[in-house]
Protein chains: 2
Amino acid sequence: MRLRGKKHTIEVLEKQTDLVILEPAKWKGRWHELFGNDRPIHIELGMGKGQFISRMSGNNPEINYLGMDMYDELLRKGSEKARRVWKEKGSDEVPNLFLVRGNVELLGEMFEDGELERIYLNFSDPWPKSKHAKRRLTHPRFLEKYKRALNEKGEIHFKTDSLSLFEFSLNSFSDSLLQMRSISLDLHRDELREDLVLTEYEAKFVGQGKPIYRLEAVIGS
Amino acid sequence: MRLRGKKHTIEVLEKQTDLVILEPAKWKGRWHELFGNDRPIHIELGMGKGQFISRMSGNNPEINYLGMDMYDELLRKGSEKARRVWKEKGSDEVPNLFLVRGNVELLGEMFEDGELERIYLNFSDPWPKSKHAKRRLTHPRFLEKYKRALNEKGEIHFKTDSLSLFEFSLNSFSDSLLQMRSISLDLHRDELREDLVLTEYEAKFVGQGKPIYRLEAVIGS
C-alpha cells in the first residue's frame, strides 16, 4: 500500500520510542531484551494500518507482538490504533507491541535465527503477474527466510482473499517441505469465527460474502 | 453411483475374461504377469462409466491401466466404452486395460506392496456429512493403503469439483506427510487443458464454468 507521507510524520514517529522502531537491525538478537521478558515473539509482516496486530496485542498480553511495514504513514496510523486499543483497556502504555519499519527482504538483518515464534501474513500483495512471482511473500525464497528466523515451535499463519495467491502459496509451502495444517478454502463459511481477529481488508471481504483462504505451516515437524 | 443391475449383466461380464476381472484378489502380486509385461500400472479408483480410464488407455499404450468400481453395471458400461475407444484406433482388442470389480477398502487384498505406480481419484464421492468423513477416499486411512500399494515412484492424482472435499483432502495429504505438487484451485481457468483427459462429470462441470480442484501427491520424496 503506497501512501503519501504527511509532513511531520517522521517527527511523530521519532518521538514514539516506546512503540515505534525505525531501525530494527539495531535490535537483532536482542528483541527479548527490548520486550524485557522471554515470552514468544509473534510478528505480522505487512501490518497495514495495524488493526490486526493492535487487537492481537490487546487480546493476548502474554505474547510479544511486532507489526512490520515499510511506510511511515502506516506506522503512524498503526501507532494511533495500538494506543487506542490499549486506552480502551484502561492503559496509557502499549506493553507488548512494537511497530517496526522494515522490508521483508531484510528479515535476516533484523532477526537472529530462531528469534521469532510466529509469523502472520495477512492479505499480502498477490502480485498477480507471473513475472512478479518472486515478490510474493509466500515465494519459496521468503519461506526460507522465515524458516531461519523462526524457532523450533515456529508457525506461519497465512490468510488471503486471493485465490491465485493462495494456490501459488499451497504449492510454495509444499515445495519448501513446510508441513501445512488447518487449510481452509472458505474461512468464514460456517459462521464468523469470533476467535479470529479480522484485518480491515478481511472485514470488508467477509461483508461482501467473498471467501477467505487460510493455512498454517509448522516448522518443527 | 448406485445403478440397478440389468438382468444378465453378470453373464455379459463373465464372458469378458480378456477385459473384466471379477475376482481381483486372485491376481495379488501377479498383475504384471496378467499384463504380460513390466510396464507401470496406473489404476483409477471409482472409474464410473469408464470414460477417463478408457481414453487414457487409448492415449498411452505404454502404460498398463486398471479401472476399478464396485458395480457390475458400471463395469459393463466401462467395457463397452473401452472396446469402442480401441475400435476407433482400429483394434479389436484392449491390450493395456483391465476393468476390476472391487472395493477400495480391500485394496491391500488385491495388490502387493509397491505393485502400483499411480492412483487416480476422479470426482470421488464427497461424503459431505462429517460423520461420513472416514468414507472419503482421501481420508488418511485410505492414504495409508495407497502408500503401501504404490512403489517408490508412486503418485496420486486427485481431482474434484467439491470445494469441501478438496479442502478436507489438502489437510489429509498434509497430515499424512504426502508431499503435494501441481495444486490447482481452478484447473481449467486459463484454457481447457487438452492434454488432460476429462471424465464425464468433469466435462459437464467445466461446461457450466464451475472450478475443478486438482493436486498430485508423490510417494518417494
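Throughout, a chain's letter reflects where its sequence line sits, starting with A, and its residues are numbered from 1.
Among all heavy-atom pairs drawn from B:Asn171 and A:Arg181, the shortest one is OD1-C, 3.6 Å.
For A:Lys153, the NZ atom is loosely surrounded, since the number of other residues' heavy atoms within 6.0 Å does not exceed 12. Residue-environment remark: NZ (B:Lys134) stays at or below the threshold of 12 foreign heavy atoms within 6.0 Å.
In this structure, B:Met180 CE and A:Phe173 CZ are separated by 11.5 Å, a value rounded to the nearest 0.5 Å.
Side-chain contact between A:Leu215 and B:Leu170: absent, with no pair of heavy atoms (C-beta onward) separated by less than 4.5 Å. The shortest distance between side-chain heavy atoms of B:Asp175 and A:Gln179 falls below 4.5 Å.
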